[in-house]
Amino acid sequence: QVQLLESGGGLVQPGGSLRLSCEASGNIFRTFAMGWYRQAPGKERELVASIISGSQAKYGDSAKGRFTISRDTAKSTVYLQMNNLQPEDTAVYYCNQKLSRVGPEYWGQGIQVTVSS
């Protein structure tokens with residue numbers, strides 16, 4: 001069993017920044033990918049950013065150019081630096097870890113990010 005602990009969410013004004021962290025705990029052999037998804041009220045959960053084996057990053061359209069994902073494999077931690085946040089970014093953000101291409105897959109409990117003036 002893998003547990004994902006998220007931190008760094010909160011309330012920020014438009015144009016502000018937040019840095020999310022997700023630390024994985026538990027005994028795992030390897031990690032195929034770690035990343036972040038988000039779900040806004042009334043909308044489907046969507047990919048924000050992920051890092052696949054190595055350090056290759058993939059971004060959702062809404063995140064590219066504003067958000068940066070990074071990974072510290074030694075600490076089993078993935079980060080999401082979010083800049084120029086806008087009200088449309090308001091959502092619950094979920095950390096995700098996939099141990100292989102076909103799973104298993106784990107999710108954090110989700111943390112709230114609210115962008116409002």
Side-chain angles (χ1 to χ4, degrees):
Q1 179 71 35
V2 174
Q3 290 184 303
L4 304 176
L5 180 60
E6 302 139 320
S7 62
L11 174 65
V12 66
Q13 294 183 352
S17 299
L18 287 174
R19 182 174 182 258
L20 305 183
S21 299
C22 175
E23 182 178 359
S25 62
N27 296 124
I28 58 177
F29 294 104
R30 63 178 293 174
T31 298
F32 172 70
M34 291 188 69
W36 293 91
Y37 291 71
R38 72 185 185 187
Q39 187 166 23
K43 300 187 66 176
E44 297 289 326
R45 188 172 299 186
E46 64 177 352
L47 171 70
V48 179
S50 68
I51 289 184
I52 307 174
S53 298
S55 297
Q56 293 191 12
K58 180 180 180 180
Y59 295 93
D61 290 340
S62 63
K64 193 171 185 179
R66 298 187 299 132
F67 298 176
T68 302
I69 190 169
S70 60
R71 181 179 176 182
D72 186 336
T73 56
K75 298 180 179 179
S76 299
T77 302
V78 65
Y79 306 93
L80 182 68
Q81 178 67 45
M82 303 186 293
N83 296 326
N84 193 25
L85 285 161
Q86 300 299 315
E88 311 90 85
D89 298 313
T90 296
V92 176
Y93 285 69
Y94 297 90
C95 181
N96 173 268
Q97 183 186 52
K98 185 174 291 185
L99 270 56
S100 73
R101 290 182 180 271
V102 297
E105 190 172 32
Y106 300 93
W107 295 91
Q109 79 281 3
I111 51 174
Q112 180 69 46
V113 171
T114 302
V115 185
S116 176
S117 60

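For the numbers below, each heavy atom of this structure counts, side chains included, while hydrogens, waters and symmetry mates do not.
By the 4.5 Å heavy-atom criterion applied to side chains, Val48 and Tyr93 are counted as neighbours. Within the 4.5 Å cutoff, the side chain of Thr77 has no heavy atoms near those of the Arg71 side chain. Between Gln81 and Ile69 there is no side-chain heavy-atom pair separated by less than 4.5 Å. Side chains of Ser70 and Val78 form no contact here, defined as non-hydrogen atoms less than 4.5 Å apart. In this structure the side chain of Asn96 never reaches within 4.5 angstrom of the side chain of Met34, judged on heavy atoms.
Inspection of the Arg38 and Ser62 side chains reveals an N or O donor paired with an N or O acceptor under 3.5 Å.
Ser7 OG to Leu5 CG: the interatomic distance, rounded to the nearest 0.5 Å, is 6.0 Å.
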Show your working on side chain to side chain donor-acceptor pair (under 3.5 Å) between Ser17 and Asn83 and close with a plain yes or no. CA-CA 4 Å; Ser17 299; Asn83 296 326; 2.9 Å; yes
Derivation and outcome, side chain to side chain contact (heavy atoms under 4.5 Å, CB included), residues Thr31 and Gln97: CA-CA 7 Å; Thr31 298; Gln97 183 186 52; 3.0 Å; yes
Checking side chain to side chain contact (heavy atoms under 4.5 Å, CB included) for the pair Tyr106/Lys98: CA distance, chi angles, key distance, verdict? CA-CA 6 Å; Tyr106 300 93; Lys98 185 174 291 185; over 6 Å; no
Begin from the C-alpha positions of Ser21 and Glu6 and carry the test side chain to side chain donor-acceptor pair (under 3.5 Å) through to its verdict. CA-CA 6 Å; Ser21 299; Glu6 302 139 320; over 6 Å; no
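With sequence neighbours excluded, the residues satisfying side-chain contact (heavy atoms from CB on, under 4.5 Å) with Lys58 are Leu47, Ser50. Scanning for salt bridge (Lys or Arg N to Asp or Glu O under 4.0 Å) contacts around Arg45 gives an empty result, with sequence neighbours left out. Taking the side-chain contact (heavy atoms from CB on, under 4.5 Å) definition, one finds that Val115 meets it with Val12, Pro14, Leu85, Pro87, Asp89, Thr90, Val113, sequence neighbours left out. A search for side-chain contact (heavy atoms from CB on, under 4.5 Å) contacts involving Val92 returns Tyr94, Gln112, not counting sequence neighbours.
A continuous path of ILVMFWY side-chain contacts below 4.5 Å connects Ile111 to Leu80, so both sit in one hydrophobic cluster. Met82 and Tyr79 are assigned to two separate hydrophobic clusters, defined by single-linkage of ILVMFWY side chains at heavy-atom distances under 4.5 Å. Ile51 and Phe32 sit in two unconnected hydrophobic clusters of ILVMFWY residues. Membership requires side-chain heavy atoms under 4.5 Å apart, directly or through other members.
Around atom CD of Gln3, no more than 12 heavy atoms belonging to other residues, nucleotides or ligands sit under 6.0 Å away.
Residue pairs meeting the ring pair (Phe, Tyr, Trp, His ring centres under 6.0 Å) criterion with at least one partner in residues 37-56, sequence neighbours excluded, are Tyr37-Trp107.
Hydrophobic side-chain contacts under 4.5 Å tie Val102 to no other Ile, Leu, Val, Met, Phe, Trp or Tyr residue.
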